[in-house]
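First the structure, in the form of structure tokens, and then the observations on it.
Letters go in sequence order (proteins before strands), and every chain restarts at 1.
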Amino acid sequence: MAKTINQMSIQVKFFASLRDKIGKADIELDAAKDPAEAWTLATDNAPRPDNILVAVNLDYARFDTPVKDGDEVAFFPPVTGG
Amino acid sequence: MAKTINQMSIQVKFFASLRDKIGKADIELDAAKDPAEAWTLATDNAPRPDNILVAVNLDYARFDTPVKDGDEVAFFPPVTGG
Amino acid sequence: MSNWISEQAIKPWQILADCEVLQPTGQHGATSSFIGTMRDFSERENLEKMVLEHYPQMTERYLAKLEKLARCRWPLQDCVIVHRVGDILPGDPIVVIGCWSAHRRAAIDACDWLIEELKHNAPFWKKEFGPEGAHWVEQNTDGHSLGNKP
Amino acid sequence: MSNWISEQAIKPWQILADCEVLQPTGQHGATSSFIGTMRDFSERENLEKMVLEHYPQMTERYLAKLEKLARCRWPLQDCVIVHRVGDILPGDPIVVIGCWSAHRRAAIDACDWLIEELKHNAPFWKKEFGPEGAHWVEQNTDGHSLGNKP
């Protein structure tokens, strides 16, 4: 799971209450085919709350949106700005 | 139609384009039972445009709202403020 | 109650900021405001000037009534309505409305309702002056005919 | 395009007045604005402080997208969106939105749409601090459940 030098990777981020729950803000994965797999790998298979949201490369995405090397995948709880 | 000293009367007012059309801003009537009659008396029986509005004592009213001595009756075109 | 007619030029942002200062800290979560400003064009032509006539006493009474109705209908912390009369030039503010409430929907809906009510019923009349002379505005643009409703 | 995230306290009326000055005289007839301010109470308790977290880069991208969409959907002359992040105290402004257009419906509807979109989708998160400790806000109040829709 550790990043290999000169190899692309998937950057995974957690925000707000989800970061507190997971216990980490970000982690790098060697690879993942979609956010669903990224979640499993990044959280050591933790149960995935129903209401969490996902973004790929700063845009909202689905859990089955294809992910490629170099992408950034973010998981976060419902937003509460404004 | 002229006001008699010590006698109450109906004050009639015209605003905006209606004042220009009628040719006067205000006139006093000795009496009128409602705005419809006030219009007839105050304008020498001029035709009454369909879209004009009427107020009695500063509140919107109908042409058959009863009017009593001392009341103020105002006629005006559709409003265009704001 | 804060609503008034002004025969002098008004500074809407200043009026709104001054009202804001009067609010108790932490009580309101939402402030919605509307400002109407004179354009230099109408449906007809370019405009040089406008005279805003009103029905003195009835306008004051009507604005007070509008504010009272809005405060009954929505849980507003505060509300301000100021309307210009007299000679107005392009770019001059004509009306300013501000609504303060705990939650956004009350402030937004009250402000929207107030400007529509004011436009449709408050006894003000615009006389526009352009290169082709002066004429009374016959009716306001319909608030709901322009722009797409989401 | 004028939208940004601020890590410092913001002065909404000043931001709006500054934008107003940039508008060409006589082009806009309507200005609609919304300001969100921190209350000193929540559904749960009294509040002492709030920390507003965001997803850097995605928030900027999202605000820019919102402004662009609003400008496509309504004929706006101008539009400004500013959102605070970081430590916030009761009474501090959190967000300010301003919309300028020729006619009122576009300005009012765009402003209303922008605050709802921002509340529902922009990646910000509130952590509230009160006498009972800190907790993340689970969800915003529904914009349409409070106050009576006219």
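Within residues 12-28 of chain C, no residue has any heavy atom less than 4.5 Å from a heavy atom of chain B.
Contact of B/Ala55 with chain C is made through the side chain alone, with heavy-atom distances under 4.5 Å.
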Between chain B and chain C, which donor-acceptor atom pairs come closer than 3.5 Å, counting both backbone and side-chain atoms?
unit_1, atom_1, unit_2, atom_2, d
C/Glu53, OE1, B/Arg19, NH1, 3.1
C/Glu53, OE1, B/Arg19, NH2, 2.8
C/Glu53, OE2, B/Ala16, N, 3.0
C/Glu53, OE2, B/Arg19, NH1, 2.6
C/Tyr55, OH, B/Glu72, OE2, 2.5
C/Arg61, NE, B/Asp59, OD1, 3.2
C/Arg61, NH2, B/Asp59, OD2, 2.7
C/His83, NE2, B/Gly82, N, 2.9
C/Asn121, O, B/Tyr60, OH, 2.3
C/Phe124, O, B/Thr80, N, 2.8
C/Trp125, NE1, B/Pro77, O, 3.0
C/Lys126, N, B/Thr80, OG1, 2.8
C/Lys126, NZ, B/Thr80, O, 3.4
C/Lys126, NZ, B/Gly82, O, 2.9
C/Trp136, NE1, B/Asp20, OD2, 2.7
C/Asn140, ND2, B/Gly81, O, 3.0

